[in-house]
Asker: 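The structure follows.
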Amino acid sequence: MTPGPLPSVDVPDPRRQAGPPGCAPLPTRLGVATPGPGDPMAVVVAGPAGAGRREVIAGLLGVDSATLAVPAGSNLLVQHAEKATRAAYVPGYRQPHAYGADPLATGPALARPPRRVELSLPDPLLRHFAVVDTPDTGTLGVAGGRVLRDAVGRAGALLFVISADQAFSAAELHLLAEVARARIEVFFAVTPGTTGWTASADGPAAEDTGPSVPSPGRAGPSGPARRLDPVSVSVEAHRAALLAAVPALTPAPWFPARRAELPHLRRALVGWAADEGLRRGSASPPVPPGAHGRVPVLAGVEPGELADRIDRGSRACARRIRQHLALELANIHLRVVQEIVFGVGCAGLPQMLDRELEALSLLATAQCDEAVRGLVDDAAARVFGAPLAEGVRGRIAHAVRWGLADHPDGRELDRVLLVTSTAGVAALTGEGALDALAGLPGGQRDEMLPPVGVALNGGCWQHWRAADNNDPNAARSWAQRALREVELELSREVSRRFEVIRLSLSGVLADAVDHGILLA
């Protein structure tokens, strides 16, 4: 009997403590966050295999569904442009690959599947928001679910597509329950099943014949009986099944995926985009308080004590992040071994491990960002007083980012760690290297550090998908060595990041103490 999934650390740690001064509590998981003003306005489309997501997107955009085809496991980002183009973003390359706008063309032979394919179309709907089609929910696993929740939290809206003869899985209900707890708009679309519309997931099939009509000769106590509309019955059955598990999604609208109903779905999505745009715009004033003017330094600040506090805080933050990433990698190793032996096997190892490393990268980025913000807030509060105005915090962050360029290690932080077929880790630096790793690219980052990026190179795909490399024991040994190398490289990367942050932040605040005001 095949064992079930291994337990994961996808829950907050109740033993998490605030840590030393200057080191804020770190996120222990990837969750659905409220979209910020700089996040992309997008609708993420998700659902199980066979639900017809591609056909729904094609109907909304008025294109052939073959145009939306991408390699298995890749995201499809559809955005607005005056000319139709298609490009593939592959980890390990600094530039995207032209993927061909011909829907019949499969594109160039890539060493590995891209993290995302960007399709640009001149459709007016895309002026309001982008559309992101994601892999089938049944193939995501633990890590893929985390990546999807992160994308939904930054995009702002989720369109969940399910067919009339399908039922919600436990993983899908967990995803929707997470989304329901955040400020995310959720829409549902129900498509016909393989045999048409059904009254329930297990009920008999019925063709979509339009509105119901009276059935003559079958009178009841209150008059002639009416044949129920199978479309409406199917939608209501799915809605009732969902609300029984996730009652918080009661306000979410439902749409049957019929040609006559798609304009209603379009209007609902455009209405959400208009409201969301106003909300994000009002949440970020053009000139935040404290963005200009003199910011005096508090009396009695000792430069030596301040530098020591920053040093202790940065070392504590780096140590805690390294420990947590080591725990995450241990859990990844357990899941990988289980999948090699009982699940995807050797051929599916690259896709599964790459998705695990994508989730690990997002978590490491979130932890570094949160730790640096706490470090800056704590040190700046000792100099200027607490709480800091948003504009003052932004000026300090801007000065710290400029200071990173003065240090040799600070100029090479935007690099990608690539796992090779020999279980080693190679580094790729340069503009565009990190952008190729994003399943959903974000807007301009206002954080002080670039994202953390880890992925598998094309050689891993070529090696483990070869027919003669089907030894589970060799795959387990390779995965163990590869994850150990990732742990060592990530540990060095985190230490280097907080060392340059320490030097840059100490320099910015030391200048402020020397001159009595914030110079940034």
Side-chain angles (χ1 to χ4, degrees), residues 2 4-5 43-60 65 68-70 72-76 131-142 144-145 147-149 151-152 157-180 184-210 228-250 252-262 264-265 268-269 343-344:
T2 301
V43 175
V44 175
V45 186
R53 294 190 317 276
R54 188 184 303 171
E55 288 71 19
V56 172
I57 298 174
L60 288 172
S65 60
L68 309 177
V70 297
S74 301
N75 280 359
L76 172 66
V131 177
V132 183
D133 188 22
T134 58
D136 302 330
T137 52
T139 65
L140 293 178
V142 174
V147 173
L148 178 58
R149 292 198 296 271
V152 171
L158 171 67
L159 172 59
F160 195 93
V161 181
I162 189 170
S163 72
D165 55 359
Q166 292 175 329
F168 291 100
S169 67
E172 291 163 354
L173 291 175
H174 175 66
L175 165 68
L176 294 170
E178 288 280 329
V179 172
I184 303 298
E185 196 74 16
V186 184
F187 304 86
F188 291 93
V190 181
T191 60
T194 55
T195 56
W197 297 95
T198 60
S200 66
D202 300 320
E207 295 298 328
D208 179 11
T209 57
L228 295 177
D229 176 13
V231 179
S232 301
V233 170
S234 177
V235 172
E236 287 302 319
H238 280 79
R239 184 174 184 271
L242 172 69
L243 297 184
V246 192
L249 288 177
T250 301
W254 289 70
F255 299 88
R258 295 184 293 184
R259 184 180 299 274
E261 303 290 341
L262 287 180
H264 301 306
L265 177 57
L269 294 175
V344 297

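All values derive from a computational prediction rather than experimental measurement.
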Asker: CG of L159 to OG1 of T134: how many Å apart, nearest 0.5 Å?
Answerer: 10.0 Å
Asker: Taking the side chain as every heavy atom from C-beta outward, state whether V45 and V56 have any atom pair closer than 4.5 Å.
Answerer: no
Asker: Please lay out, stage by stage, how L60 and V131 fare under the test side chain to side chain contact (heavy atoms under 4.5 Å, CB included).
Answerer: CA-CA 10 Å; L60 288 172; V131 177; over 6 Å; no
Asker: Quick check against the 3.5 Å criterion: does D136 have a side-chain atom that pairs as donor or acceptor with the backbone of G138?
Answerer: no
Asker: What are the two closest heavy atoms between W254 and A252, and how far apart are they?
Answerer: CD1-O, 3.3 Å
Asker: Give the minimum heavy-atom separation between L158 and A46, together with the two atoms involved.
Answerer: CD1-CB, 4.0 Å
Asker: Hey, could you give me the CG/CZ distance between L140 and R149, rounded to the nearest 0.5 Å?
Answerer: 10.0 Å
Asker: When you measure from the side chain of R239 to the backbone of T250, do you find a donor-acceptor pair of N or O atoms at a distance under 3.5 Å?
Answerer: yes
Asker: How are the rings of F160 and F188 set relative to one another: parallel (under 30°), tilted (30 to 60°) or perpendicular (over 60°)?
Answerer: tilted
Asker: For the residue pair A151 and V44, what are the closest heavy atoms and their distance?
Answerer: O-CG2, 4.1 Å
Asker: Starting from the C-alpha separation in whole Å, work towards a yes-or-no answer on side-chain hydrogen bond (donor to acceptor under 3.5 Å, both in side chains) for T195 and D165.
Answerer: CA-CA 8 Å; T195 56; D165 55 359; 5.1 Å; no
Asker: Measuring from atom CG of D229 to atom CD of E236, what distance do you get when rounded to the nearest 0.5 angstrom?
Answerer: 10.5 Å
Asker: Would you say the side-chain atoms of S234 pair up with the backbone N or O of V231, donor to acceptor, closer than 3.5 Å?
Answerer: no
Asker: Could you measure the distance from the CZ atom of F168 to the CG atom of L242? Nearest 0.5 Å is fine.
Answerer: 4.5 Å
Asker: Answer yes or no: is there a side-chain heavy-atom contact under 4.5 Å between V190 and W197?
Answerer: yes
Asker: What's the shortest heavy-atom distance between P256 and V235, and which atoms?
Answerer: CB-CG2, 4.2 Å
Asker: State whether the side chain of E172 and the backbone N or O of S169 hold a donor-acceptor pair below 3.5 Å, judged by distance alone.
Answerer: yes
Asker: What pair of heavy atoms forms the shortest contact from S163 to G193, and how long is it?
Answerer: CB-CA, 4.3 Å
Asker: Could you state the interatomic distance from CD (Q166) to OG1 (T191), rounded to the nearest 0.5 Å?
Answerer: 6.5 Å
Asker: How many angstroms lie between CD1 in I184 and CG in L249, if you round to the nearest 0.5 Å?
Answerer: 11.5 Å
Asker: On a heavy-atom basis, which atom in R54 and which in L68 lie closest, and how many Å separate them?
Answerer: O-CD1, 3.5 Å
Asker: Is the side chain of R53 donor-acceptor paired with the backbone N or O of G47 at a distance under 3.5 Å, no angle test?
Answerer: yes
